[in-house]
Protein chains: 2
Amino acid sequence: MCPSRIQLRAGQLLYQQGRPALAVYPLRKGSIKNMFESSLGWRQITSFTLAGDVLGLEAHDSTAHTTSAIALQDASCCVVPVESLRMQMRLPEFRAMVLDTLRRNTERERTLLVAIGSMKAAQRLAMLLLDLAGEHGRRGGGDSLTLAMSRNDIASYLGLTLETVSRLLSRFASAGLITVRHKLLRIVDQGGLAAVYADASHLPDPHGTAARGTVHASRQAA
Amino acid sequence: MCPSRIQLRAGQLLYQQGRPALAVYPLRKGSIKNMFESSLGWRQITSFTLAGDVLGLEAHDSTAHTTSAIALQDASCCVVPVESLRMQMRLPEFRAMVLDTLRRNTERERTLLVAIGSMKAAQRLAMLLLDLAGEHGRRGGGDSLTLAMSRNDIASYLGLTLETVSRLLSRFASAGLITVRHKLLRIVDQGGLAAVYADASHLPDPHGTAARGTVHASRQAA
DNA sequence: CGCAAAATTGATGAATTTCAATACATGTGG
DNA sequence: CCACATGTATTGAAATTCATCAATTTTGCG
């Protein structure tokens with residue numbers, strides 16, 4: 001079904017930021033993290049890509065890759081060389097699909113920017129979990145999913161530290177929103193998570209000590 | 001020199017996120033802030049555009065604007081309808097220029113993401129000031145420039161509060177890095193600012209109390 | 001089985017937000 | 001032109017969130 005195919009082991013690099021983009025890579029199996037490295041050497045995970053999505057599209061018209069792609073687990077993907085892509089791009093509906101994918105990606109990235117820029121840690125994590133669960137569901141997966149990425153990757157993506165992520169997962173669990181067991185995640189109360197996403201004060205305090213719902217609205221209201 | 005032209009007063013909207021993108025707008029005079037609003041209603045300034053840059057390009061191929069553009073001061077820009085743009089895009093060198101602009105913008109946005117996600121407030125502000133000064137210089141401006149945007153806009157852009165921005169500007173000034181007088185900014189010690197950007201511990205403490213250079217490296221080293 | 005990496009949990013501290021009060025600027029109408 | 005009103009900026013003090021440091025625990029792997 002694909003001219004050629006690439007198999008990746010966990011941790012392997014599919015492509016590297018700055019290297020010429022010679023192809024795009026529809027991901028067939030596994031999952032990938034995309035890492036951006038700024039000119040000063042600061043790194044951050046900018047997205048997670050799941051099977052079914054296409055990697056490497058963001059390089060506008062045959063230039064260098066703008067991020068590095070690293071397998072989170074054993075993965076495989078097709079290889080569509082740029083010439084082939086360019087051919088396909090003549091078909092209006094294919095074109096439309098690609099452009100739509102690009103749009104969704106930039107929308108996603110901007111949403112991440114806003115989240116990191118003005119939402120609290122709990123909201124950011126809730127956002128990611130809902131997002132992952134949504135994608136998982138859309139792919140027909142059951143209600144329990146695997147977090148292929150490490151806590152560190154999650155932390156990097158959300159602009160947090162791994163400890164904060166770990167603590168929040170525990171808090172979410174003890175609040176009855178999710179179940180986590182290392183890499184195994186289950187969303188128990190989607191609405192509750194959505195409420196946390198919308199407003200961090202919906203999350204009960206660490207033990208049972210203090211009261212709920214401080215008046216402080218978060219930095220920006222709708 | 002331009003088929004048609006738009007004049008904007010400070011605060012006026014050039015285009016609005018979600019509305020159909022009918023043209024692109026080379027900015028001739030003044031400056032613009034670009035604001036993104038997420039589906040939950042959270043807003044953030046995602047970029048500042050100065051005279052000479054082109055607005056509205058980011059809408060991939062004639063769809064909706066992905067941000068809103070608001071004049072920071074009285075401004076004027078050309079209007080290049082999409083059909084006209086599409087014609088021009090056939091010229092390879094024009095195409096290349098546009099794509100290069102797009103690339104620089106996404107690079108910039110990613111750098112902002114990383115900054116907000118993992119750098120301290122002082123570093124972020126130093127980044128912005130250096131950036132603004134650089135653009136100002138590139139346009140042949142003197143060494144003193146005008147911050148057209150409010151402290152609030154700066155704060156939104158950097159994922160901070162206006163108070164933090166104000167305080168940091170004061171600290172930068174008392175550290176001899178800059179001079180600020182409300183909207184008037186002068187970079188006094190560019191190297192010093194760059195050092196702060198690279199490593200926030202280069203910034204002296206609030207008064208003269210404590211020592212410099214704590215051992216704590218920031219979250220990510222090069 | 002044991003080692004190394006990853007994750008959890010706790011205690012502490014620092015950076016930044018929040019709240020609050022004041023100063024400064026800008027524009028409006030008398 | 002001044003006085004006033006309003007929005008914007010500065011500065012301070014207190015509170016909060018999150019990072020850092022540190023100690024275990026758990027997991028995955030050779």
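The sequence lines fix the lettering, A, B, ..., with proteins before strands; numbering per chain opens at 1.
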ask   = Which is it for B:Gln12 and B:Gln7 under the side chain to side chain contact (heavy atoms under 4.5 Å, CB included) test, yes or no, and what are the steps along the way?
value = CA-CA 10 Å; B:Gln12 276 192 319; B:Gln7 301 284 337; over 6 Å; no

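Here C:dA20 is the nucleotide among C:dT16, C:dT9, C:dA20 with the atom lying nearest to any side-chain atom of B:Glu163. Side-chain proximity of B:Leu160 to C:dT17, D:dA9, C:dA7: nearest is C:dT17.
In terms of phosphate contacts, B:Ser170 brings a side-chain nitrogen or oxygen within less than 4.0 Å of OP1 or OP2 of D:dT11. Regarding contacts with the backbone of C:dA7, every side-chain N or O of A:His182 stays at 4.0 angstrom or more from both OP1 and OP2. Phosphate proximity of C:dT17 to B:Thr164: present, with a side-chain N or O under 4.0 Å from OP1 or OP2.
Heavy-atom neighbours of A:Arg19 CZ from other residues, nucleotides or ligands within 6.0 Å: at or below the threshold of 12. Within 6.0 Å of CD in A:Gln190 there are 12 or fewer heavy atoms belonging to other residues, nucleotides or ligands.
What separates CG of A:Asp205 from C1' of D:dT16 is a distance of 11 Å, to the nearest Å. Rounding to whole angstrom units, CD of residue B:Gln123 and C1' of C:dA15 are separated by 12 Å. In this entry the distance linking CD1 of B:Ile154 with P of D:dA9 reads 8 Å, nearest Å. Atom CG of B:Leu147 and atom P of D:dT8 are 15 Å apart (whole Å). The interatomic distance linking B:Leu169 (CG) with D:dT10 (P) rounds to 6 Å, in whole Å. Regarding A:Arg151, its CZ atom lies at a distance of 18 Å from the P atom of C:dA5, rounded to whole Å. Straight-line distance from the CG atom of B:Leu203 to the C1' atom of C:dA15: 13 Å, rounded to whole Å. Remark: P of D:dA9 and CE of B:Met149 are 11 Å apart, rounded to the nearest angstrom.
The closest donor-acceptor contact from the side chain of B:Ser118 to the backbone of B:Ala115 lies at 3.5 Å or more, if one exists at all.
In terms of position along DNA chain D, the nucleotide closest to B:Leu162 lies nearer the 5' end than the nucleotide closest to the other residue of the pair B:Leu162 and A:Lys183.
A donor N or O paired with an acceptor N or O is found under 3.5 Å between the base of D:dT20 and the side-chain atoms of A:Arg167.
Between A:Tyr15 and A:His65, the ring planes are parallel. Angles under 30° get that label, and only those over 60° would be called perpendicular.
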